[in-house]
Amino acid sequence: PLLLAFQRSKTDLAVFVTGDGATVLGNTEAAALLSHWSEVIVCSESWHQSHGSVDCPVKLGSQTDHSRLMGMASRVISL
């Protein structure tokens with residue numbers, strides 16, 4: 001529901017996914033929902049632990065990407 005609310009409001013959103021969130025990205029509906037935003041990154045370690053060598057539907061990244069997004073954010077929501 002939260003992501004749908006951001007989509008309806010046309011709010012600019014960047015997403016960094018790690019841990020169990022990488023498992024959720026294996027769901028095509030979840031990946032499609034996240035595709036509406038310009039920057040969606042999943043921790044490459046988390047992705048590979050969850051999905052092995054399966055192609056990732058979003059950009060693979062690292063904690064460096066997370067730090068960059070945090071530095072650019074005016075607001076942060078951690079789930």
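Nothing fancy with the numbering, it's 1 onward along the sequence.
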Using a 4.5 Å cut-off on heavy atoms from C-beta on, say whether the side chain of Val15 contacts that of Phe6.
-> no

Do Leu60 and Val42 have side chains that get closer than 4.5 Å, going by heavy atoms?
-> yes

Partner residues of Arg8 under the side-chain contact (heavy atoms from CB on, under 4.5 Å) criterion, sequence neighbours left out | Leu4, Ala5

Got a sec, which residues hit side-chain contact (heavy atoms from CB on, under 4.5 Å) with Ala73, two or more places apart in sequence or on another chain?
-> Val76

Are Leu79 and Leu33 joined in one hydrophobic group, where the rule is that I, L, V, M, F, W and Y side chains link up if heavy atoms are under 4.5 Å apart?
-> yes

Can you get from Ile77 to Leu13 by hopping between Ile, Leu, Val, Met, Phe, Trp and Tyr side chains that sit under 4.5 Å apart?
-> yes

Between Leu69 and Ile41 the two heavy atoms that sit nearest each other are CD1-CD1, 4.2 Å

So, for Gly26 and Trp47, which heavy atoms are closest and what is the spacing to 0.1 Å?
-> N-CZ3, 4.1 Å

Please output the side-chain donor-acceptor pairs of residues 49-56 that fall under 3.5 Å, not counting sequence neighbours, one pair per line with the distance.
unit_1	atom_1	unit_2	atom_2	d
Ser50	OG	Thr23	OG1	3.0
Ser50	OG	Ser46	O	3.1
His51	NE2	Ala22	O	2.8

The complete set of side-chain hydrogen bond (donor to acceptor under 3.5 Å, both in side chains) pairs with one or both residues in residues 59-73, sequence neighbours excluded, reads Glu39-Arg68

dist Asn27:CG -> Leu34:CG (nearest 0.5 Å) comes out at 10.0 Å

